[in-house]
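Starting from 1, each residue takes its place in the sequence as its number.
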Amino acid sequence: MDSPRLPQSVEVVERIEESSGIFTLRLRLCDPAQHAAYSFSPGQFNMLYLPEVGEVPISIVSDPMDEHMMDHTIRAVGRVTNGLKAVKAGDRLGLRGPYGRGWPLLEAEGREVAVITGGLGCAPVVAAINYILRRREHYGRLVIMQGVRHSDDLIWRERYNAWARLDNVDVYLAASQPSADWPWHTGRIPELFDSAGLDAESSMAVMCGPEGMMKASAEALIARGHAPDSLYVSLERNMQCGVGRCGHCQLGPKFICKQGPVFAWPEVAGLLAQKGL
């Protein structure tokens with residue numbers, strides 16, 4: 001981007017309805033030179049600007065090789081995201097980014113990768129899943145684990161089923177409050193670790209979701225012999241500028257938008273243990 005503060009014009013190429021209140025916008029930079037030059041790492045985010053409404057940080061869920069198309073899966077929960085829900089193919093938005101630090105997927109090559117998510121906050125890891133599946137020969141087993149409070153909260157059931165059918169990919173799903181026809185585990189994500197048979201010596205875990213879930217999962221993995229520096233989390237805060245200037249996303253001495261949103265567990269374990277940060 002020419003300036004970290006000036007949004008560039010993007011066109012909505014496609015709008016995909018994922019579920020009630022959750023949708024994906026596929027975007028393309030309108031300027032051909034900017035479109036060709038744009039690049040990002042899985043785990044980074046863009047600031048999407050809806051004219052006359054406002055700006056919001058949204059994770060990029062597509063793969064960097066997808067012809068520079070940028071997919072953003074969005075849950076309509078606020079003024080800007082509810083406004084974005086109304087856009088359609090052909091509309092134009094503003095975009096700044098990419099921002100932040102992504103997943104260390106080059107370091108994960110040759111290793112088993114566990115993707116652990118909770119609630120509806122799974123978008124930041126979708127890019128990592130897409131990246132690994134696109135480069136399957138470079139990675140070991142891929143273990144995808146998703147936990148929800150109520151089974152009705154699980155979106156993308158067809159996508160999980162499709163991933164589970166792939167070679168060397170295992171999918172584990174859990175709900176604390178299951179419906180009568182829930183076929184998977186009843187309980188919390190850490191209860192699945194023994195069944196998944198994660199290799200403490202060679203695996204890397206990437207996590208996203210409620211901080212309590214990530215803290216419980218990290219502690220459970222460390223208790224099973226996983227090295228703390230092999231665990232990574234993606235954090236969310238009120239990111240408004242994307243460049244570490246406004247201070248809204250500060251977590252102790254760190255700025256989530258600039259030094260994160262992805263952190264190795266030892267970087268933030270002590271900070272997440274403190275209420276109010």
Taking all heavy atoms of [X] and all of [Y], pick out the closest pair and write down the distance.
X: Ser203; Y: Arg111; value: O-NH2, 3.1 Å
X: Pro228; Y: Pro266; value: O-CD, 3.4 Å
X: Thr186; Y: Pro178; value: OG1-CG, 3.4 Å
X: Ala205; Y: Ile116; value: CB-CD1, 4.2 Å
X: Arg136; Y: Asn168; value: NH2-O, 2.8 Å
X: Ser234; Y: Pro124; value: OG-CB, 3.9 Å

Less than 4.0 angstrom from a charged side-chain N to a carboxylate O is my criterion; do [X] and [Y] meet it?
X: Glu267; Y: Arg101; result: yes
X: Arg92; Y: Glu11; result: no
X: Glu55; Y: Arg96; result: yes
X: Lys215; Y: Glu211; result: no

Practice item. Cation-pi check, Arg15 to Phe23: give yes when NZ or CZ is under 6.0 Å from the six-membered ring centre and within 45° of the ring axis, no otherwise. Key: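 Flagged: Arg15 positioned over aromatic ring of Phe23.
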
Between [Y] and [X], is there a side-chain donor-acceptor contact under 3.5 Å, judged purely by atom types and distance?
X: Thr24; Y: Glu18; value: yes
X: Asp31; Y: Tyr38; value: no
X: His150; Y: Ser176; value: no

Review point. Given the rule in the salt bridge (charged side-chain N to carboxylate O under 4.0 Å, His left out) test, do Asp194 and Arg224 qualify, once you have shown the distances and angles that lead to the verdict?
Key: CA-CA 9 Å; Asp194 291 335; Arg224 287 166 171 77; 2.9 Å; yes

Review point. Shared ILVMFWY cluster between Met214 and Phe263, side chains joined below 4.5 angstrom?
Key: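 Same hydrophobic cluster.
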
Exercise for review: Look at the side-chain heavy atoms of Ile, Leu, Val, Met, Phe, Trp and Tyr, link any pair under 4.5 Å apart, and say whether Val115 and Tyr139 land in one connected group.
Suggested key: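 Per the 4.5 Å side-chain linkage, Val115 and Tyr139 are co-clustered.
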
Exercise for review: Please say which of Asp170, Val171, Leu142 ends up in a side chain to side chain contact (heavy atoms under 4.5 Å, CB included) with Trp163.
Suggested key: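 Of the listed options, the one satisfying the test is Val171.
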
Check your understanding: For His72, which of Val56, Val61, Leu27 qualifies under side chain to side chain contact (heavy atoms under 4.5 Å, CB included)?
Key ->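 The side chain to side chain contact (heavy atoms under 4.5 Å, CB included) with His72 is passed solely by Leu27 among Val56, Val61, Leu27.
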
Check your understanding: Looking only at atom types and distance, does a side-chain atom of Glu112 sit under 3.5 Å from a main-chain N or O of Asp199, one as donor and one as acceptor?
Key ->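 Confirmed, Glu112 side chain pairs with Asp199 backbone.
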
Exercise for review: Answer yes or no: is there a donor N or O on one side and an acceptor on the other, between the side chain of Glu191 and the main chain of Arg188, under 3.5 Å?
Suggested key: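 Side chain of Glu191 to backbone of Arg188, a donor-acceptor pair under 3.5 Å: yes, one is there.
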
